[in-house]
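Side chains are part of it too, since the values below use all heavy atoms of this structure and drop only hydrogens, waters and symmetry mates.
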Amino acid sequence: MTRVWISEVIFSDDTKVTIEKNDIIVLVGPNNAGKSASLKEAASLLQTKNRKGKVLKDITIEKDGDNNELISFLETFSKKEFTGNPLPSYQGYKFNIYEQNAKNHWSSYKNGLADLIHIFVHTLTTEERLKAANPPSSIKITSQAPQHPIYFLQKNDRLEKQFSDYFKQAFGTELIVHRNAGNEVPLYVGAKPTPLAGEDRVSEGYLKELEKLDLLHQQGDGMRSFVGVLLNAFISNHSILFIDEPEAFLHPPQARLLGKMLAKDLPSERQLFLSTHSEDFLKGLLDSGVSNLKIIRIQRDNSINKVSVLNSTDINNIWNDSLLRHSNVLNGLFHSKVVICESDSDCRFFSALLSTQYDNSGSIAPDILFIHCGGKHRIPTAIKALKN
C-alpha cells in the first residue's frame, strides 16, 4: 500500500522515540510542556526538513511504494484531469497536484513531502472539526472531487450507517444525510424516518419527515466536534493524522467513548498523533485494549522538553490494576508533581493547607495533584505507576 509514516522522533532532550507505522501516539503532560507544539512541528517537518522546531529536533520519514504505485494510488481516490499539459493533474480532498511534481516530491521524500503533504498528512484544527458539521454546497458526486467530509457520507451508504451508529452511542440519536436539499448537503439529528410503501430517500413524503428533525450544524459544539473528529479520522486517505485535544467541547462520557472509538475502530493503515489534557479521553484509549498505543509524557525544563515513553506492555500492566483503572492516578500525567496520600480526607487536608498558603500571599499555587490510593498498602503500586 502507498503510504508514509514517521519512524523516529528526536526531542529537544535528545530522546529518540521509535514509532511503528500503525501506532497511536498520545502526548500528555502539564500545561505549556510542548504537546501542541510537538504536533505542529512534526507536521511542519513532514513538509520540509529545513524547518527546525523548539520541541522536536528531527523526524525520520519512511514510505511504501514507488512512483508508479503512487500514481495508481492517486487514481483510486482522486479525479484525473488534463489541462493542456503533457501529464494529468490529480484533484482530491484538500489537494490538486500535477503528476510530474508528485513523482519528483515522492523521490525526494526524505527531505520532506512538499506538495504531497496534503495527500498524506492532515492536521485537524479545532475550527475545522466544528466546520465539518456545516452543510457543503452540492456537487456532482460522480465527477467532482469531494472537498468536504460530508460528501463521503453522501456517496457511501455503509459509511453513513457506521457514523450514525457511532453518533447514537455517544448522544442516543441518529445522524442522517439529506441527499436532496437543493444547493447544499446538510446532516440531520434524530430518529431516521421510515419511507412509506412506494417511497425512497428522495420521495417528497420522506423528505418532509426528515426536515422536521434538527440540523446538526445548529446543535452544540460537543455534537459538532465529535462528528468532525470522527469524520476526518475515518473518511480520508491520509497516512498521518494530527489532532490537538480531540476531547474539546465534550462531556466526560463522550470524551471517553471518542478515545475508545479512535483506538479501536480507526483504519489500521494510519498513524494517529494526539495531544490531550483529558483523563477521560485517555481512559477511553486504554479501554480499547489495542497493542499499538504509545503514551509520551512531555515536561518542560527551561528550554528543554524532557520526555518519557510508556509502550503498550507497560500500559497494559498498569491498566490491569483495579486501583489505577478506577482511581484518578492517571491524572498525574497532566500535572508537574503528584503527592500520594493514604486517604481522600488526607488529600483534601494537605491541598487546603497548600491553597491557603498561596492564597494569603496572592501568588499562584504550584501545579501539584493530590491523590489517594485507599490505604498504605496500595501506595507502592501508585508510586510504581507514576514513576513509569
**OP:** Please answer: with hydrophobic residues joined when any side-chain heavy atoms are less than 4.5 Å apart, are I141 and L187 in the same cluster?
**Re:** yes
Subject >> L196 side chain reached by Y206 side chain, heavy atoms, under 4.5 Å >> reply: no
Subject >> Heavy-atom side-chain proximity of F242 to L124 below 4.5 angstrom >> reply: no
**OP:** May I ask you to decide if T15's main-chain N or O and D13's side chain share a donor-acceptor pair within less than 3.5 Å?
**Re:** yes
Original post:
Between D346 and H372, is there a donor-acceptor pair closer than 3.5 Å when you use the side chain of the first and the backbone of the second?
Top reply: no
Subject >> Side-chain donor or acceptor of S138 paired with backbone N/O of E184 under 3.5 Å >> reply: yes
Subject >> Side chain N156, main chain R158, donor-acceptor under 3.5 Å >> reply: yes
Original post:
Is a salt bridge present between E160 and K155, judged by a nitrogen-to-oxygen distance below 4.0 Å?
Top reply: no
Original post:
How are the rings of Y93 and F152 set to each other: parallel, tilted or perpendicular (split at 30° and 60°)?
Top reply: perpendicular
**OP:** Without swapping roles, check the side chain of S38 against the backbone of G34 for a donor-acceptor pair under 3.5 Å.
**Re:** yes
Original post:
Is the number of heavy atoms from other residues, nucleotides or ligands under 6.0 Å of F77 CZ greater than 12?
Top reply: yes
**OP:** Identify whether the distance between the nearest side-chain nitrogen and carboxylate oxygen of E62 and K110 falls below 4.0 Å.
**Re:** yes
**OP:** State whether a side-chain donor-acceptor pair under 3.5 Å links H122 with E128.
**Re:** yes
Original post:
Is a salt bridge present between K57 and D14, judged by a nitrogen-to-oxygen distance below 4.0 Å?
Top reply: yes
Original post:
Hey, does H148 have a side-chain heavy atom less than 4.5 Å from the side chain of I139?
Top reply: no
Original post:
Would you say K40 has more than 12 foreign heavy atoms packed within less than 6.0 Å of its NZ?
Top reply: no
Original post:
Side chains of C373 and I340: does their closest heavy-atom pair fall under 4.5 Å?
Top reply: yes
Original post:
Aromatic rings F167 and F171: how do their planes relate, parallel, tilted or perpendicular, breaks at 30° and 60°?
Top reply: tilted
**OP:** Kindly indicate whether the side chain of L274, heavy atoms from C-beta on, has any atom under 4.5 Å from the side chain of I25.
**Re:** no
**OP:** Could you tell me whether the side chain of Q254 and the main chain of L250 form a donor-acceptor pair under 3.5 Å?
**Re:** no
Subject >> Worked check of side-chain hydrogen bond (donor to acceptor under 3.5 Å, both in side chains) between K131 and H217 >> reply: CA-CA 8 Å; K131 285 185 175 179; H217 66 277; over 6 Å; no
Original post:
Is the closest basic N to carboxylate O distance between D23 and K294 below 4.0 Å?
Top reply: yes
**OP:** Please check if the side chain of E69 supplies one atom and the backbone of D66 the other of a donor-acceptor pair under 3.5 Å.
**Re:** yes
Subject >> Within-4.5 Å side-chain heavy-atom neighbours: I19 and F273 >> reply: yes
Subject >> Distance-only side-chain donor-acceptor flag, D200 / S203, under 3.5 Å >> reply: yes
Subject >> Salt bridge flag under 4.0 Å for residues K80 and E75 >> reply: yes
Subject >> D344 and R348 ion-paired at < 4.0 Å >> reply: yes
Subject >> salt bridge (charged side-chain N to carboxylate O under 4.0 Å, His left out) partners of D64, counting only residues at least two apart >> reply: K21
Original post:
Is there a donor-acceptor pair closer than 3.5 Å between any side-chain N or O of T276 and the backbone N or O of S278?
Top reply: yes
**OP:** Determine, stepwise, if the pair F226 / Y166 fulfils ring-ring contact (aromatic ring centres under 6.0 Å, His included).
**Re:** CA-CA 10 Å; F226 185 91; Y166 288 146; 8.1 Å; no
Original post:
Could K208 and E211 be called an ion pair, given the rule that one side-chain N must be under 4.0 Å from one carboxylate O?
Top reply: no
**OP:** Report the residue from F73, Y109, F95 that forms a ring-ring contact (aromatic ring centres under 6.0 Å, His included) with F120.
**Re:** F73
**OP:** Give a yes or no on whether the backbone of D280 and the side-chain of E247 come within a donor-acceptor separation of less than 3.5 Å.
**Re:** no
Original post:
Can you check side-chain hydrogen bond (donor to acceptor under 3.5 Å, both in side chains) on Q218 and D214, steps first, answer last?
Top reply: CA-CA 8 Å; Q218 295 178 355; D214 295 324; over 6 Å; no
Original post:
So, are D58 and K49 salt-bridged, with charged N and O less than 4.0 Å apart?
Top reply: yes
Subject >> Sidechain N-carboxylate O distance under 4.0 Å for K283, D287 >> reply: no
**OP:** Evaluate the criterion side-chain hydrogen bond (donor to acceptor under 3.5 Å, both in side chains) for residue pair S137 and N183; output intermediate values, then yes/no.
**Re:** CA-CA 6 Å; S137 300; N183 61 357; over 6 Å; no
Original post:
Does atom CG of L353 have more than 12 heavy-atom neighbours from other groups under 6.0 Å away?
Top reply: yes
Original post:
Is a donor on one side and an acceptor on the other found under 3.5 Å between the side chain of Q47 and the backbone of A43?
Top reply: no
Original post:
Tell me the ring pair (Phe, Tyr, Trp, His ring centres under 6.0 Å) pairs involving residues 30-57, sequence neighbours left out?
Top reply: none
